Participant: 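Below: one structure in structure tokens.
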Amino acid sequence: MALGHGKKTKITVDAGDISQWTKNSELTRGADEHDTTGYGVDDHTYGEDGLGTGEFTADGIYDSTASTGPRAILKPLKGKLATIVRMPEGVGTGKPTETFDVFVGEYKETNPFNDYIKWAIKCKVSGPIADTTQGA
Amino acid sequence: MDWSAAIDQITDRIATMPNTRKFEEGDSPSIPSEGAAVILSYPANLDPHGTYNRGVPRMNLQAMLLVGLPTSRTSRQVAARYTDDGPTGVVAVLEDGVEAGAYTAFDEITVTTINFDEVEIQDIPYMAVLLDLDVAGQGV
């Protein structure tokens, strides 16, 4: 058994590393449902190989550093396509890497009166997710 | 975050206020007239995992301003002056230090609460203003 701690996760967006400002991220892989149910049965049935769907979300602590901070990297991507490289177990030989394009549907900033400013993005995966393994 | 350097910079920032001196460990805290002696000790806690890859460390610590004897009316007046919520109060001095470039060991500081209590140092009672501080970031 080998546990994985999220603190080691690495995420780059269009080659900009946003890991140090990221608190949470989620990649959801799904597929279109095709209901093949007909008459004369009591339960739904479904067909295989529907089109793939995916959603990627991330959020973290806002930083205003020009060109390399999360505001500088993510804010201009609203409504654009971007390339995500996600290493869910961190950096290391034999660890997985996922590379995929996303459509950035939403960039949000939240300003609470009693805490640090937060950012969040919500994206739809565009095209396939390439799963690879990191080499030495 | 170099938390020891952070504590030095916070102490230095408070000591820029009029009639305020730093309490040096091992000495009896001598309090300037109509002023205060400032003491910062170890952090209450330090969180190294605020974000992925230890990006945003965060610590909570307490600054103590000794303003005089607990029974002195002057102590209350001095404490009120330090905790004034205007631009010359300690909250503004500390938090405005970020924009003023006073800190290199961290990125942001917030005074979360202010309390008042009687403390004893070397068996001598003092009235103290206790500032709870939220300090975050790696600095430059």
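Note that the structure is predicted; figures quoted are calculated from it, not measured. In what follows, chains are A, B, ... by sequence order, proteins preceding strands, each numbered from 1.
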Participant: Do you know which of A:Asn114, A:Asn24, A:Ile11 has the most heavy-atom pairs under 4.5 Å to chain B?
Facilitator: A:Asn24
Participant: Under 3.5 Å, is there a donor on one side chain and an acceptor on the other for A:Asp101 and A:Thr83?
Facilitator: yes
Participant: Are a donor atom and an acceptor atom from the side chains of B:Thr104 and B:Gln9 found within less than 3.5 Å of each other?
Facilitator: yes
Participant: Is a donor from one side chain sitting under 3.5 angstrom from an acceptor on the other, for B:Thr20 and B:Tyr82?
Facilitator: yes
Participant: Is it the backbone or the side chain of B:Glu108 that comes under 4.5 Å from a heavy atom of chain A, or both, or neither?
Facilitator: both
Participant: Could you tell me if the side chain of A:Trp21 sits less than 4.5 Å from the side chain of A:Trp119, heavy atoms only?
Facilitator: yes
Participant: Of the listed residues (B:Arg54, B:Gln138, B:Arg58), which shares the most heavy-atom pairs with chain A below a 4.5 Å separation?
Facilitator: B:Arg58
Participant: So which part of A:Asp59 gets closer than 4.5 Å to some heavy atom of chain B, the side chain, the backbone, both or neither?
Facilitator: neither
